[in-house]
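Below is one structure, written out as structure tokens; comments come after it.
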Amino acid sequence: MREYEVIIIGKGPAGLSAAIYTARANIKTLILGCDPKIAGDYAIDNYFGFHETISGKELIERGVAQASKFGAEILCDRVLSIHFDDSGKYIVKTERDEYKTCSIILATGVSRKKPDIPDYEKFDGKGISWCVSCDGFFFKDKSVLVAGEGNYGANQAIELTDYTSNVAICTLGKESTISADYRKRLKDLNIPVIEKSISKLIGDDVLKGVRFSDGEELKVDGIFIALGDASSTDFAKSLGIITEGNFIVVDKDMKTNAPGIFAAGDCTGGFLQIAVAVGAGAIAARSAISYVKESCRK
Ligand code: FAD
């Protein structure tokens, strides 16, 4: 397994800015992330130093070139989960690989995931959960659904089989984007993928079941939400990092409450702008550099 001193999750302004600082300080740096939303044909008029207007695409390309120049490795891969292992390091699992690291900067941007399930808030914490490693245990031998259409959902469903063999995936009416490799693993574990939407949650105080759009009902004790890609708040939940709503809580040095884990940019909330994300990335990098020197290079 390849090991890095810092892994930065996110290739947006915050992640790239952080990588410029860490790589330039000779910290072995890996960025995991693909092009952010802003890397398109959007005119950026309010970023310092570009009076002639720069496109989001060019700004990100320049950031990639600069971080690479200082030695940061950049891979377009999606992180599915982060776990703390016995050696005191973090294991970052992606769609394609696994990496070990002593320090992480979360820079995954804002997460706007809300499941398209009527009245899901009513059962939040009473059957609806967002974190397999936090709540999977409470569904031992019970019937659970994972709401998600991609590999993140597939991976959550596979992790749930540690607790119960009664697991299914529901894409909430979306077309599944689960890769062939994951589809095979789901098949081997008897995890069906249901491509229907949910029209009703059944239950009084706690979740008892779901009604699908075609009227069919299924008894379920729990639904784990795992839509799209995993976000910083998903990682935060499984690592015990404090969040406020959809945002990671950090101090002025961009430190979270978990040792060696920092966060920057839109995923921490506040003024969601490039200039702010770039500044926060630099601060997170400075904190990560100190952490690596003091705690990882022993
Ligand atoms: P992002 O830029 O959102 O980057 C997040 C990164 O995390 C991406 O690389 C993504 O692929 C990665 N990621 C997410 N989940 C995972 C995962 N599980 N595994 C691996 N990688 C993951 N701001 C301005 O200042 N000026 C503007 O003119 C402006 N215009 C905008 C126009 C549009 C259309 C949009 C959407 C935003 C605009 N913004 C603008 C806001 C600005 O884009 C954001 O504030 C900024 O990009 C935040 O940077 P970030 O690095 O925190 O997150």
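One-based numbering, in listed order, for ligands and for the atoms of each.
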- Okay, side chain of Arg211, backbone of Ile202: is any donor-acceptor separation there less than 3.5 Å? no

- Query: What about Ala277: any of its N or O atoms under 3.5 Å from an N or O on ligand 1?
  - Reply: no

- Query: Picking from Val79, Ile31, Ile82, Val92, what satisfies side chain to side chain contact (heavy atoms under 4.5 Å, CB included) with Ile7?
  - Reply: Val92

- Salt bridge flag under 4.0 Å for residues Lys93 and Glu98: no

- Taking only Lys NZ, Arg NE, NH1 and NH2, and the carboxylate oxygens of Asp or Glu, determine whether Lys57 and Asp41 approach each other closer than 4.0 Å. no

- Message: Please list, in number order, the atoms of ligand 1 under 4.0 Å from a heavy atom of Ile44.
- Response: 27 (C), 28 (O)

- Can you list the atoms of ligand 1 that are under 4.0 Å from a heavy atom of Arg78? 19 (N), 20 (C)

- Among Gly33, Ala275, Ser231, closest by any non-hydrogen atom to atom 21 (N) of ligand 1: Gly33

- Message: Between ligand 1 and Lys11, is the shortest N or O to N or O distance under 3.5 Å?
- Response: yes

- Consider ligand 1: state whether an atom of it lies below 4.0 angstrom from any non-hydrogen atom of Tyr47. no

- Pick from Gly40, Cys34, Gly15: the one approaching atom 8 (C) of ligand 1 most closely through a non-hydrogen atom: Cys34

- Task: Would you mind running through ligand 1 and noting each atom that sits below 4.0 Å from a heavy atom of Leu32?
- Result: 20 (C), 21 (N)

- Message: Just to be sure I'm reading this right: ignoring hydrogens, which of Thr268, Ile38, Ile274, Asp77 gets closest to atom 35 (C) of ligand 1? Compare them by their nearest heavy atoms.
- Response: Ile38

- Message: I'd like the name of whichever of Asp266, Ile9, Asp229 reaches closest to atom 48 (C) of ligand 1 through any heavy atom.
- Response: Asp266

- Item | Those atoms of ligand 1 less than 4.0 Å from some heavy atom in Ala107 | 5 (C), 6 (C), 7 (O)

- Any salt bridge between Asp253 and Arg286, counting N to O under 4.0 Å? yes

- Salt bridge Glu3-Lys28, side-chain N to carboxylate O under 4.0 Å: no

- Provide the number and element of each atom of ligand 1 under 4.0 Å from a heavy atom of Ala230. 15 (N), 16 (C), 17 (C), 18 (N)

- Query: For the side chain to side chain contact (heavy atoms under 4.5 Å, CB included) test, which of Ile8, Ile105, Thr101, Val292 pairs with Thr29?
  - Reply: Ile8

- Quick check: does any side chain N or O of Thr108 sit under 3.5 Å from a backbone N or O of Ser232, one acting as donor and the other as acceptor? yes

- Message: Under 6.0 Å from the ring centre and within 45 degrees of the ring axis: does the NZ or CZ of Arg24 meet both conditions for the six-membered ring of Tyr21?
- Response: no

- Would you indicate which of Gly12, Pro13, Gly265 comes nearest to atom 49 (O) of ligand 1 when only heavy atoms are counted? Pro13

- Minimum non-hydrogen distance to atom 22 (C) of ligand 1, winning option of Ile60, Thr108, Leu16: Thr108

- Query: If you count the atoms of ligand 1 from 1 in the order shown, which ones are under 4.0 Å from a heavy atom of Tyr42?
  - Reply: 34 (C)

- Evaluate the side chain to side chain donor-acceptor pair (under 3.5 Å) criterion for residues Asn166 and Thr164: first the C-alpha distance (whole Å), next the side-chain angles of each, then the deciding distance (0.1 Å), finally the verdict. CA-CA 5 Å; Asn166 199 345; Thr164 173; 5.7 Å; no

